[in-house]
Amino acid sequence: MIRVRFAPSPTGFLHLGNVRTALFNFLLAKKERGTFILRIEDTDLERSRPEFQEGIMEDLRWLGLGWDEGPGVGGPFAPYEQSKRSAIYQKYTQKLIDEGKAYYCYVTPEETEAAKKEAVLHHRPLRFDNRGRDFSTKEIDDRKARGIKPTVRFKIENPELKMHDLIRGDVAFNLDDMVGDFIIQRADGTPTFHMTVCVDDALMGITHVIRGEDHLPNTPKHILLLEGMGFKPPAYGHLSLIHGPGGEPLSKRLAAVSVREFRKKGYLPHGLANYIALLGWAPGNDREIFRWEELQQAFSLEHVGKSSSNFDPDKLNWLNGQHLRLLSDSEFTEQAMAYLLREEKLLGEEALVRRVLPVFKESVEYFEQLEEHLDFLEGYFEYDNQVLISRPESREVFEAALAVLPELTAQGDGLYQEFIDKIKPRVKAKGKDLFMPLRVALTGKEHGPELKKLFSQLGTTFLKKCFERALGRGTLYERN
RNA sequence: GUCCCCAUCGUCUAGGUCGGCCUAGGACACCAGAUUUUCAUUCUGGUAACAGGGGUUCGAAUCCCCUUGGGGACGCCA
């Protein structure tokens, strides 16, 4: 039984990169019928904020990435917030010190900084030179007297390390030209990321760590630390990074790629997930559109690529549009209404909007685009083509329409046909000259959905107001 | 500066493990046409790629090396 985790630090909202890591972990868990764990890495008290944790959890739930263990749902290894697990880390740090695998280091930040500059000058790796390992008792007492608080560093004994990465294959490191003994506990007594990650991955029984490629250089450290504590390291897989449309690195400041922004614009969670999955993963055949359950079945780590990829908004829009079209009319209406209500973009009467909504299912790629299509329902709009509306031929059409409306008896789509049949003999205009004025009178726009569909959904009461307005007789609604 | 990772159409990718089935396939975008008395949708067709150079081999997109390019890491952040 595999156990995977997504371990964000609550220092910002989720963006495309984070989400893909979460998604791949989730998908792997579902595919293998394993357990997906959410762990909050909030050991950086300075930058961690509760509202970010809340926000991340909300975004994950919205995407459908529910967790089996973690904040809110609990689990056998609770708590899942690292800020609440200090005593556990403390215990393991002490054990490492007792066993001589870690040591108190009295070297100051200023000294390591200076050593780094020195290293650059001599074309040497920018790493800690382990100078704190062998301080004499006198030296240590001296530094203590100067008020220097020690960090705890993990001793690197075997710098040569080979590992097998689930995605990248065999990777070899020589820690000697990467890092020196690294800090596992800060001078203020709090544990660092390396310590908390290793302890928690071990204690929580994590079997597969799927994370961003930026963590690849950390992995040898983690393997060594884990082994030092007597644990068997999990399998690691490193995902290459996602970049923006222009190839620029993704950043938390880039609003265009934050999950919240996609929610706000009205993307379907499963459309977004489908798109993200395709960034770095391919099914091995030509298929691209996956329903949520299908994605969970199709996913496999073997087909995850090694090269980095760029986010392409065009393709996301297309794919989301495809997912929209997969929805039934009633599903579409429910989801669109929920969106319009949530984002306070509802224009016109709710019942009317509900009826009209399905007409636009093929016209939009995400819900925000509904806004410009629906604005005519509110009644206060400018005609795209005022000249067309004012033409005598057009006015004749509107007069005839008003005369025909009360005579209509058909229901549904037949309403429009009956209307056309009855109005045609009464007016001179035909073809485009007949249909364009009708279209503009209804929606104010020259382009839009099929008149036939729209007509029957609007209802004769609303239609009557439309034609009256087109003739300059009052507005659809009274302004208050 | 040091180390690590990566490299197929503009973009996402298939193919690479088992070299010949690849005159390199699909998708987005773009262009053209059809359908739709509008726009969109849908459909059909088209432009477009194995970064460069060396090897290995009868044969390389596929294996090896170098170069170049891109990315990442080098925190008492995670």
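Side chains included, hydrogens not; waters and symmetry mates left out as well; all remaining heavy atoms used. Labels below follow one simple rule: chain letters A, B, ... track the order of the sequence lines, proteins then strands, and each chain is numbered from 1.
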Asks: Which nucleotides of nucleotides 35-45 of chain B have their base under 4.0 Å from a protein heavy atom (B), which only their sugar-phosphate (S), and which neither (-), written as one string 5' to 3'?
Replies: --BBBSSS---

Asks: Would you measure the distance from the P atom in B:U47 across to the matching atom in B:C6 and give it in whole Å?
Replies: 34 Å

Asks: From C-beta outward on A:E288, which listed nucleotide comes closest to its side chain: B:G26, B:A73, B:C5?
Replies: B:G26

Asks: Using atom C1' in both nucleotides, what's the gap between B:U35 and B:C22 to the nearest angstrom?
Replies: 35 Å

Asks: Using heavy atoms and a sub-4.0 Å distance, could you list which residues of residues 153-168 of chain A are near RNA chain B? By number, please.
Replies: A:R168

Asks: Can a side chain N or O of A:K315 be found less than 4.0 Å away from OP1 or OP2 on B:U13?
Replies: no

Asks: Look at A:S308 and B:G70 and indicate whether a side-chain polar atom (N or O) is within less than 4.0 Å of OP1 or OP2.
Replies: no

Asks: Of the nucleotides B:A7, B:C28, B:G72, which has the atom closest to the A:S307 side chain?
Replies: B:A7

Asks: Quick check: on RNA chain B, is the nucleotide nearest A:T43 upstream (toward 5') of the one nearest A:S309, or the reverse? Name the residue that is more 5'.
Replies: A:S309

Asks: Considering the options A:R153, A:R133, A:K155, A:R131, which one meets the salt bridge (charged side-chain N to carboxylate O under 4.0 Å, His left out) requirement together with A:D181?
Replies: A:R133

Asks: Among A:N320, A:L316, A:L324, find the one that has a side chain to side chain contact (heavy atoms under 4.5 Å, CB included) with A:Y366.
Replies: A:N320

Asks: Side chains of residues 433-446 of chain A: which donor-acceptor pairs under 3.5 Å do they make with residues two or more places apart or in other chains?
Replies:
{"from": "A:R439", "atom 1": "NH1", "to": "A:P449", "atom 2": "O", "distance (Å)": "3.1"}
{"from": "A:R439", "atom 1": "NH2", "to": "A:P449", "atom 2": "O", "distance (Å)": "3.1"}
{"from": "A:T443", "atom 1": "OG1", "to": "A:R439", "atom 2": "O", "distance (Å)": "3.3"}
{"from": "A:T443", "atom 1": "OG1", "to": "A:K445", "atom 2": "N", "distance (Å)": "3.2"}
{"from": "A:T443", "atom 1": "OG1", "to": "A:K445", "atom 2": "O", "distance (Å)": "3.4"}
{"from": "A:K445", "atom 1": "NZ", "to": "A:E372", "atom 2": "O", "distance (Å)": "3.0"}
{"from": "A:K445", "atom 1": "NZ", "to": "A:D375", "atom 2": "OD1", "distance (Å)": "2.7"}
{"from": "A:E446", "atom 1": "OE2", "to": "A:N385", "atom 2": "ND2", "distance (Å)": "3.4"}

Asks: If the plane angle is over 60° it's perpendicular, under 30° parallel, otherwise tilted; pick one for A:Y267 and A:F262.
Replies: perpendicular

Asks: Which distance, rounded to the nearest 0.5 Å, do you find between the CD1 of A:I420 and the NZ of A:K424?
Replies: 6.5 Å

Asks: Ring centroids only, cut at 6.0 angstrom: are A:H323 and A:F332 within range, meaning strictly under it?
Replies: no

Asks: Considering heavy-atom distances to RNA chain B, does A:D42 or A:V171 have its closest nucleotide positioned more toward the 5' end?
Replies: A:V171

Asks: Against A:V259, only a single residue in A:I56, A:L60, A:I276, A:L63 fulfils side chain to side chain contact (heavy atoms under 4.5 Å, CB included); can you say which?
Replies: A:L63

Asks: Nearest to the side chain of A:N310, heavy atoms from C-beta on, is which of B:C12, B:G71, B:A78?
Replies: B:C12

